Amino acid sequence: MRDEADFSQHLNCDVELKLSGPTGKAIDKACANALRALADRLEKGDFEDGLHPVTDNSGKLIGAIYIDYAQDAEVGAD
């Protein structure tokens, strides 16, 4: 029988954002803000497996995040 220590947790996380703005600097700032917000939500455990919409501070849809958690037995663990 394997115990919890014999397994590795894995996370596949894909983020796609489509942003526009008046300048490159404004777009960079909007992207960084969106990524920080996603990081905070991810750290809090707000996401389950699947595709989730991403919105900006005003609620406008700007992309999606795909989350896939998996647990596999470590190679050579008997």
Side-chain angles (χ1 to χ4, degrees):
M1 178 179 221
R2 295 178 184 219
D3 63 22
E4 190 77 18
D6 292 335
F7 292 90
S8 294
Q9 296 290 323
H10 302 277
L11 170 63
N12 180 25
C13 177
D14 296 316
V15 177
E16 182 174 332
L17 302 176
K18 294 187 179 186
L19 303 163
S20 60
T23 65
K25 187 173 183 176
I27 294 169
D28 291 347
K29 182 172 180 155
C31 183
N33 287 338
L35 291 171
R36 277 191 285 275
L38 287 172
D40 289 344
R41 290 183 62 198
L42 186 61
E43 192 170 32
K44 291 177 187 173
D46 286 353
F47 296 111
E48 294 185 16
D49 285 356
L51 189 63
H52 306 274
V54 176
T55 57
D56 64 11
N57 291 337
S58 68
K60 178 183 171 188
L61 182 66
I62 58 171
I65 182 171
Y66 175 77
I67 300 290
D68 182 22
Y69 290 100
Q71 184 178 42
D72 295 327
E74 291 180 346
V75 175
D78 290 318

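It should be emphasised that the depicted structure is a prediction, and the values quoted were computed from it without experimental measurement.
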Requested in this report: Group every Ile, Leu, Val, Met, Phe, Trp and Tyr by side-chain heavy-atom contacts under 4.5 Å, then state whether Leu11 and Phe7 land in the same group.
Outcome: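 Different clusters.
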Report task. Evaluate the criterion side-chain contact (heavy atoms from CB on, under 4.5 Å) for residue pair Leu17 and Leu35; output intermediate values, then yes/no. Result -> CA-CA 9 Å; Leu17 302 176; Leu35 291 171; 4.2 Å; yes
**Report entry** Val54 vs Leu38 side-chain heavy atoms within contact, under 4.5 Å
**Finding:**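 Val54 reaches Leu38 side chain to side chain.
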**Report entry** Side-chain touch Ile67/Cys13, heavy atoms, less than 4.5 angstrom
**Finding:**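 In contact.
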Using atom types as modelled, flag every donor-acceptor pair under 3.5 Å from a side chain in residues 27-34 to any protein atom, sequence neighbours excluded.
unit_1	atom_1	unit_2	atom_2	d
Asn33	OD1	Arg36	NH2	2.8
Asn33	ND2	Lys29	O	3.3

Query raised in the report: What heavy-atom pair brings Thr55 and Gly59 nearest, and what distance separates the two atoms?
Result: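 Reported closest heavy-atom pair: CG2-O, 3.6 Å.
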Requested in this report: Could you list the residues that satisfy ring-ring contact (aromatic ring centres under 6.0 Å, His included) with Phe47, not counting sequence neighbours?
Outcome: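 Once residues adjacent in sequence are excluded, the partners of Phe47 under the ring-ring contact (aromatic ring centres under 6.0 Å, His included) criterion are His52.
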Query raised in the report: For atom CG of Asn57, is the number of surrounding heavy atoms from other residues, nucleotides or ligands below 6.0 Å larger than 12?
Result: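 Count not over threshold, so no.
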Query raised in the report: Which pairs count as side chain to side chain donor-acceptor pair (under 3.5 Å) when at least one residue sits in residues 12-21, sequence neighbours excluded?
Result: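 Every pair satisfying side chain to side chain donor-acceptor pair (under 3.5 Å) with a residue in residues 12-21: there are none.
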Report task. Measure the spacing between CG of Asp49 and OH of Tyr69 and express it to the nearest 0.5 Å. Result ->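 Spacing of CG (Asp49) from OH (Tyr69) equals 8.0 Å.
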